[in-house]
Amino acid sequence: VQLQASGGGLVQPGGSLRLSCVTSGFRLGVYSIGWFRRAPGKEREAVSCLSYRDRRTFYRDSVKGRFTIFRDIDKNTVYLQIDNLKPEDAAVYYCAGSGYYITSTNACLGGVAFESWGQGTLVTVSS
């Protein structure tokens, strides 16, 4: 089971980025994907999740309306579209896989375990 995040970069406030998480080696056991971030000096936090079973999506309040998580099955990729970037969005972003079907925002933000992690991709927001 491997996950590879990419797509980070330097963006001005108000700009957009699309992060990609390529998943490989999955056959059974991964039922949800989450995107997380860790800003300098802060704890890692979940920002968004997608449940494979019903494609339900979940978001942290601070990113609702600006972040969109979606999946391209043919490309084995889960994306995080980030619009209207703010300085507080600057962080290393990670994607992770969970063996649970996530069914609530609470579960996404800390209620379930994510067992498989990819390396992060850095998002810098600066003018």
Indicate the atoms forming the closest heavy-atom contact of [X] with [Y], along with that distance.
X    : Y    : value
L3   : G97  : CD2-N, 3.9 Å
W35  : V78  : CZ2-O, 3.7 Å
A90  : P40  : O-CD, 4.4 Å
Y100 : A113 : CD1-O, 3.9 Å
Y59  : I69  : OH-N, 2.9 Å
F58  : T105 : CD2-N, 3.5 Å

### Query
Are I33 and T23 close enough that some pair of their side-chain heavy atoms sits under 4.5 Å apart?
yes
### Query
Is the closest side-chain heavy-atom distance between Y79 and R71 below 4.5 Å?
no
Can you sort out the partners of [X] under salt bridge (Lys or Arg N to Asp or Glu O under 4.0 Å), two or more places apart, ordered by chain and number?
X   : value
D61 : K64
E88 : none
R60 : E45
K75 : none

### Message
Quick test of your reading: applying side-chain hydrogen bond (donor to acceptor under 3.5 Å, both in side chains), list the pairs with at least one residue in residues 4-15, sequence neighbours left out, ordered by first then second residue.
### Response
none
### Task
Establish whether V125 and I82 are linked, either directly or via other cluster members, by ILVMFWY side-chain heavy-atom contacts under 4.5 Å.
yes
### Query
Does F67 share a hydrophobic cluster with L50, counting links as ILVMFWY side-chain heavy atoms below 4.5 Å and allowing steps through other members?
yes
### Query
Which residues, ordered by chain and number, are linked to I73 in its hydrophobic cluster, where ILVMFWY side chains connect at heavy-atom gaps below 4.5 Å, directly or through other members?
none
## Note on the structure
Separation between OG1 (T68) and CG (L80), nearest 0.5 Å, reads 8.0 Å
### Summary
Interatomic distance, CZ@R44 vs OH@Y93, rounded to 0.5 Å, equals 14.0 Å
#### Entry: Test side-chain hydrogen bond (donor to acceptor under 3.5 Å, both in side chains) applied to S16 - qualifying residues, sequence neighbours left out
D83
### Task
Among residues two or more places apart or on two chains, list those pairs meeting salt bridge (Lys or Arg N to Asp or Glu O under 4.0 Å) that have a residue in residues 89-112.
R37-D89, R66-D89
Excluding sequence neighbours, so at least two apart, what forms side-chain contact (heavy atoms from CB on, under 4.5 Å) with [X]?
X   : result
V11 : L17, L85
R53 : S51, Y101, T103
V92 : Y94, L122

### Task
May I have all residue pairs that pass disulfide (SG to SG under 2.5 Å) and include part of residues 61-127, sequence neighbours excluded?
C21-C95, C49-C108
### Message
Please check: side-chain N/O of S98 versus main-chain N/O of S32, any donor-acceptor pairing under 3.5 Å?
### Response
no
